[in-house]
Amino acid sequence: MSKELTTVPNEPKISSDQAYDCIVLGFGGVGSQALRHAAQQGWKTLGIDQHGPAHDRGSSHGQSRNIRQSYTADPRYLPLLQRAYAMWDELNKRHRTSPDIKELLTQCGALQIGKPDSEIMQRILAAAEKYDVKIEQFSAEQVMQRLPIFKLTDEFVGVFEPTAGFLRVEICVAAAIKQAVKAGAELKSGLRVDRWESQDDGTILVTTDQESFTTKRLIVAAGAWSEKLLPGVDLKMQVLRKQQTWFQIDRVDQKLVNSFPCFAVEDASGDRFYGVPEIDSLGMKVCKRTGGQPLDSADHLNHDLDDAELEQVESFMGDFLNFGRSRLVHHTGCMYSQTADGDFVIDRHPENPNVTFAAGLSGHGFKFAPVLGKYLVDLLQGSDDAEFEFLKLR
Ligand SMILES: Cc1cc2nc3c(=O)[nH]c(=O)nc-3n(C[C@H](O)[C@H](O)[C@H](O)COP(=O)(O)OP(=O)(O)OC[C@H]3O[C@@H](n4cnc5c(N)ncnc54)[C@H](O)[C@@H]3O)c2cc1C
């Protein structure tokens with residue numbers, strides 16, 4: 001009897017070279033880091049992504065991601081953030097093998113502006129005090145003396161954190177993937193995982209639109225697609241489309257080369273906006289942090305210009321920044337995977353301890369990516385860490 005006739009239709013064909021110690025589903029922000037740590041264990045590791053490395057269809061694109069320690073979310077993120085700084089530094093040393101290679105993390109400082117009695121300012125100051133984060137506090141007038149591009153009324157104050165800054169997001173993802181491949185990881189781009197299931201022999205079958213694989217361990221780092229790929233996990237996650245916009249502004253002091261910092265502002269109505277200095281001539285990035293358009297599916301992300309969001313950003317710029325003319329030069333859509341409380345969820349799968357996942361990064365998770373990626377691997381090795389307890393499935 002020929003081999004073909006004994007094959008059951010639709011039964012996945014798996015040869016031993018498609019059997020892995022660990023598969024990482026999604027090699028975006030978190031998955032790229034998990035891939036690296038998994039491969040560094042000496043595991044036969046495969047990364048699968050429906051798009052290519054460092055693509056613009058998920059949540060890890062748009063030139064920069066801010067990083068700072070005077071944090072507005074739960075202060076329990078702080079110890080993780082301090083580890084993240086060290087891990088980005090370690091990755092940077094491996095990545096930046098010559099001075100003409102751009103650094104992953106630029107510590108240009110960050111200025112946060114708000115009303116002194118606002119919840120956000122109170123949280124920033126409390127976090128800075130508790131974790132001994134170096135900050136400087138300024139009145140509106142002092143901010144404008146130091147950085148004349150700002151136009152503030154007396155009701156606002158500024159908190160400057162000199163060691164804050166930004167990460168070059170796509171370059172960070174590419175750098176982590178490069179280290180993963182160096183450590184032996186295989187990559188499959190352009191394969192969409194349809195499902196995974198636990199098998200009787202303890203392995204996991206991962207089925208894609210093209211081929212299937214088996215693995216002893218699975219890490220799901222699927223970003224805005226997580227709900228579909230985590231059956232049995234109730235994430236209550238909302239996918240929000242967010243717009244990133246860059247502007248050419250007719251003054252030079254907003255450039256990184258002129259020591260302009262990142263900034264974040266909460267206006268009088270509670271809306272929040274942020275900015276990144278002009279890096280690499282693309283223009284100054286100014287975006288709205290709050291709000292966003294709910295998407296039915298992460299597959300529906302588009303890069304069309306949302307005029308309403310642009311108008312809000314331009315109105316913010318008119319109210320808070322001094323400049324003659326500005327011109328929108330670039331824009332892109334991106335996605336927040338928003339949980340109800342804004343906290344990430346990172347844990348073992350409730351039905352299979354050999355599956356770990358990180359999801360719901362809620363618009364503030366990129367800076368933690370190396371820490372989350374490592375923890376996903378540690379959990380698979382049976383090693384837990386109390387500092388992640390508040391991010392476990394609830
Ligand atoms: C506009 C914006 C601004 C932000 N600003 C900041 C900031 O300043 N600081 C900060 O720390 N964070 C920030 N964030 C949040 C941060 O960027 C994200 O939380 C983080 O990048 C998400 O990483 P991820 O790995 O979860 O998702 P992604 O990077 O999107 O990775 C998920 C991957 O899974 C793949 N995938 C999904 N489903 C499948 C499937 N079925 N088969 C194969 N592959 C699949 C996807 O293709 C994708 O590559 C921001 C986010 C946005 C959108």
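One-based numbering along the sequence shown. Computed from a predicted structure; not experimentally measured. Counting convention: from 1, in listed order, for ligands and their atoms alike.
- Residues Ile219 and Cys22 form a side-chain contact, since some pair of their non-hydrogen atoms from C-beta on lies under 4.5 Å apart.
- One option in Ala221, Ser337, Gly62 has a heavy atom closer to atom 32 (C) of ligand 1 than any other, and that option is Ala221.
- For ligand 1, the atoms lying closer than 4.0 Å to a non-hydrogen atom of Arg192 are 41 (N), 42 (N).
- Listed by number with element, the atoms of ligand 1 under 4.0 Å from a non-hydrogen atom of His51 are 47 (O).
- Across Asp49, Val193, Val206, Val24, heavy-atom proximity to atom 42 (N) of ligand 1 is greatest for Val193.
- Using a 4.5 Å cut-off on side-chain heavy atoms (C-beta onward), Lys374 and Met87 make contact.
- Protein heavy atom in closest approach to atom 36 (N) of ligand 1: Gln50 NE2, 3.5 Å.
- Close to ligand 1: Leu191, with a non-hydrogen atom less than 4.0 angstrom away.
- Listed by atom number, the atoms of ligand 1 under 4.0 Å from Lys367 heavy atoms are 9 (N), 10 (C), 11 (O).
- The local environment of NZ in Lys151 is crowded, with over 12 non-hydrogen atoms from other residues, nucleotides or ligands closer than 6.0 Å.
- Between Arg65 and ligand 1, a contact under 3.5 Å exists for at least one N or O pair.
- For ligand 1, the atoms sitting less than 4.0 Å from at least one non-hydrogen atom of Gly26 are 33 (C), 34 (O), 35 (C), numbered in the order shown with element in parentheses.
- Residue contact check for ligand 1: Phe166 places no non-hydrogen atom closer than 4.0 Å to it.
- Taking 4.5 Å as the limit, some side-chain heavy atom of Ser189 sits within range of a side-chain heavy atom of Phe27.
- Nearest-heavy-atom check against atom 26 (O) of ligand 1 across Ser362, Gly223, Ala34 picks out Gly223.
- Taking every heavy atom of Gly58 and a limit of under 4.0 angstrom, the matching atoms of ligand 1 come to 30 (O).
- The local environment of CD in Glu119 is sparse, with at most 12 non-hydrogen atoms from other residues, nucleotides or ligands closer than 6.0 Å.
- For ligand 1, none of its N or O atoms has an N or O atom of Gln244 under 3.5 Å away.
- Considering all non-hydrogen atoms of both residues, Arg65 and Gln244 come closest at NH1-OE1, 3.2 Å.
- For Tyr274, no nitrogen or oxygen atom sits less than 3.5 Å from a nitrogen or oxygen atom of ligand 1, counting backbone and side chain alike.
- For Phe366, heavy-atom contacts with ligand 1 shorter than 4.0 Å involve the backbone as well as the side chain.
- Ligand 1 has no nitrogen or oxygen under 3.5 angstrom from a nitrogen or oxygen of Lys242.
- By the 6.0 Å contact criterion, CG on Asp250 is enclosed, its count of non-hydrogen atoms from other residues, nucleotides or ligands being greater than 12.
- Shortest contact from atom 25 (O) of ligand 1 to any protein heavy atom: Val30 N, 2.9 Å.
- Aromatic ring pairs are classed by plane angle as parallel below 30°, tilted from 30° to 60° and perpendicular above 60°; the pair Phe263 and Phe260 is perpendicular.
- Side-chain contact check for Arg168 versus Glu103: some heavy-atom pair is nearer than 4.5 Å.
- One finds the CD atom of Gln254 at 10.5 Å from the CG atom of Leu256 (value rounded to the nearest 0.5 Å).
- The Ser60 neighbourhood of ligand 1 comprises atoms 20 (C), 21 (O), 22 (C), 23 (O), 28 (P), 29 (O), with distances under 4.0 Å to a heavy atom of that residue.
- Looking at Tyr336 next to ligand 1, no N or O pair under 3.5 Å apart turns up.
- Residue His55 places a heavy atom under 4.0 Å from ligand 1.
- Taking the six-membered ring where tryptophan is involved, the planes of Tyr71 and Phe368 are perpendicular, since the angle between them exceeds 60° and thus also 30°.
- In this structure, Gly363 is part of the shell of residues with a heavy atom less than 4.0 angstrom from ligand 1.
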